[in-house]
Amino acid sequence: MIEPGLFVERDPGQDSERQTVGLGSMLLEAGSTLTDVTLAYQTWGRFDGENAILVCHALTGDSDATSWWDRMVGHGRPIDTDRYFVICSNVLGGCQGSTGPSSLAEDREPYGSRFPIITVGDMVDAQARLLDHLGVTRLAAVAGGSMGGMQALEWTSRFPNRVRRAFVSASAARHSAMQIAFNEVGRQAVMRDPRWLGGDYAPGEGPDDGLSVARMLGHLTFLSPAAFEAKFARRLQNKAAPDYHLGIEFEVESYLQYQAGKFLKRFDANSQLILTRAIDYYEGPSFSKASAMYGFVSYTSDWIYPTSMSAEAHAAALAAGRTSQHRVIDLPYGHDAFLLDGELQGEAFRELMAS
Ligand code: COA
């Protein structure tokens, strides 16, 4: 079992070439049409007709599930690539190879402000087309954390005959006012940056200041107060006494800026807007339309997607006559626990697969 310490060794990703598939044009839930949609995806393992698991990533993830969910996906991991055929795609609206606001539209210019509003349902529709392309008619499971959990939920009611189990970790069926509020402050930070230009910034000239503030704000919600305290307490960054200025004084400030800088290298500001909007709109699945079994996991220290939200979704699933399990895990990492914990979350996943 993982010691409830706060520092966890990461694994490198497991080799799998990133591929792309053209999905043609998609009519979106909000009424617009996107032409020439591409999804980037990766697969691991061999398909035997019954063993496909779709892994759905969180807000800023990508198709390399063995990298960002290294504790859960890989050789001998709970989502075992030696046993299952594992598929993961970058979401519609993302910026890691799938069609999103930074992709080129028909006029060879980035979509920018022309990129339409998308929903969690649209992300799932695109994934269903990817599965058609791969010849996968039915999933043994769909699994994901945070925004990935919302996609897993949506799969169960949008395509009830295509999914046997949904594993939903550190997630919610719908955002609370506070979750929407955090996302809105992040969006405002991006949109108030003069370099945002209404969404039509040139590649490499985006609203970095706004996006880094949005990420620092987001990062606050990923950790628990205990995790911040254990990592940094009030320690100063590389000095014994304060310098009395507004530059970096505390370790935690340096950490947030470092994490924001790393994020800027891999993420697009308009994707941040479009994807946070999509999850704010999400209203949850219709459990009565679903036939899948559910496995919910929540973490006691996750205050942004609290256990009460998973408990509520679990209760709604049961009330609709579905089979559902809910495991509450006591680890101190906060929301990021679903990325860091393979052991206890893995047990819950294995239990769901055995049922
Ligand atoms: N100043 C600058 N950098 C610092 C620092 C300081 N005082 N203290 C630590 N760091 C750096 C470390 O050098 C390390 O850098 P590296 O990743 O380039 O090696 C990094 O911070 C360690 O980050 P930490 O958060 O402590 O690692 P972790 O193992 O606890 O967590 C992740 C790993 C991947 C979960 C976490 O780093 C992360 O990215 N969290 C956000 C993930 C996310 O998007 N979650 C939301 C899903 S909705």
Side-chain angles (χ1 to χ4, degrees), residues 2-13 55-62 64-73 88 90-91 94-96 120 123 143-152 168-172 175 179 182-183 186 211-212 214-239 247-268 271-272 275-276 278-280 282 297-299 301-306 309-310 331-342 345:
I2 295 181
E3 287 300 310
L6 289 160
F7 300 95
V8 179
E9 283 290 312
R10 314 286 308 168
D11 287 347
V55 171
C56 303
H57 68 72
L59 186 66
T60 63
D62 57 29
D64 191 1
T66 62
S67 165
W68 55 264
W69 221 8
D70 57 326
R71 299 270 138 177
M72 284 292 286
V73 186
C88 182
N90 181 217
V91 288
C95 51
Q96 316 276 358
V120 171
M123 296 174 196
S146 201
M147 184 180 93
M150 289 180 168
Q151 293 160 68
V168 181
S169 188
S171 191
H175 272 171
Q179 287 167 316
F182 268 104
N183 281 344
L211 185 58
S212 61
R215 182 60 175 181
M216 288 189 272
L217 178 72
H219 214 103
L220 296 187
T221 69
F222 302 155
L223 270 64
S224 64
F228 271 115
E229 208 51 36
K231 276 180 197 278
F232 309 110
R234 290 182 50 82
R235 282 192 304 277
L236 297 169
Q237 180 71 17
N238 301 329
K239 52 190 159 190
I248 287 175
E249 290 275 50
F250 295 96
E251 277 187 9
V252 67
E253 298 169 340
S254 164
Y255 170 78
L256 286 176
Q257 294 201 24
Y258 172 76
Q259 290 287 351
K262 244 171 94 167
F263 182 66
L264 289 181
K265 294 194 184 107
R266 67 178 180 86
F267 216 72
D268 172 54
S271 277
Q272 173 88 9
L275 296 181
T276 56
I279 54 177
D280 286 346
Y282 191 50
V297 163
S298 62
Y299 292 91
S301 57
D302 182 352
W303 56 272
I304 191 74
Y305 285 82
M309 290 188 143
S310 295
L331 282 174
Y333 310 120
H335 185 54
D336 270 353
F338 85 91
L339 294 170
L340 298 168
D341 160 36
Q345 184 177 216

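Just follow the structure's listing: the first ligand is 1, and inside any ligand the first atom is 1. Bear in mind the structure is a predicted one, so any value in this text is a computation, not a measurement.
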Closest to atom 44 (O) of ligand 1 among Met147, Arg215, Arg235 (heavy-atom distance): Arg215
Subset of ligand 1 atoms that lie under 4.0 Å from at least one heavy atom of Ser254: 1 (N), 2 (C), 6 (C), 7 (N)
Proximity to ligand 1 by part of Gln257, non-hydrogen separation under 4.0 Å: neither
Under-4.0 Å salt bridge between Glu251 and Lys231: no
Within the 6.0 Å centroid threshold, strictly below: Phe228 and Trp303: no
Phe232 ring center within less than 6.0 Å of Tyr255 ring center: yes
Numbering as shown, the atoms of ligand 1 that approach Thr60 to under 4.0 Å (heavy-atom distance): 44 (O)
Selected option - heavy-atom contact closest to atom 4 (C) of ligand 1, from Phe267, Tyr255, Phe338: Tyr255
Check: His175 ring centre within less than 6.0 Å of Phe182 ring centre: no
Proximal atoms of ligand 1 relative to Leu339 (non-hydrogen, under 4.0 Å): 42 (C), 43 (C), 45 (N)
From OG (Ser301) to CG (Leu223), nearest 0.5 Å: 9.0 Å
Test item: side-chain donor near acceptor, Ser146 and His335, under 3.5 Å: yes
Per atom 30 (O) of ligand 1, closest listed option by heavy atom (Glu253, Gln259, Lys231): Lys231
Polar atom proximity, His335 to ligand 1 (N or O, under 3.5 Å): no
Option set Leu59, Leu340, Leu236, criterion heavy-atom distance to atom 33 (C) of ligand 1, minimum: Leu340
Pair Tyr333, Asp302: side-chain N/O donor-acceptor within cut-off below 3.5 Å: no
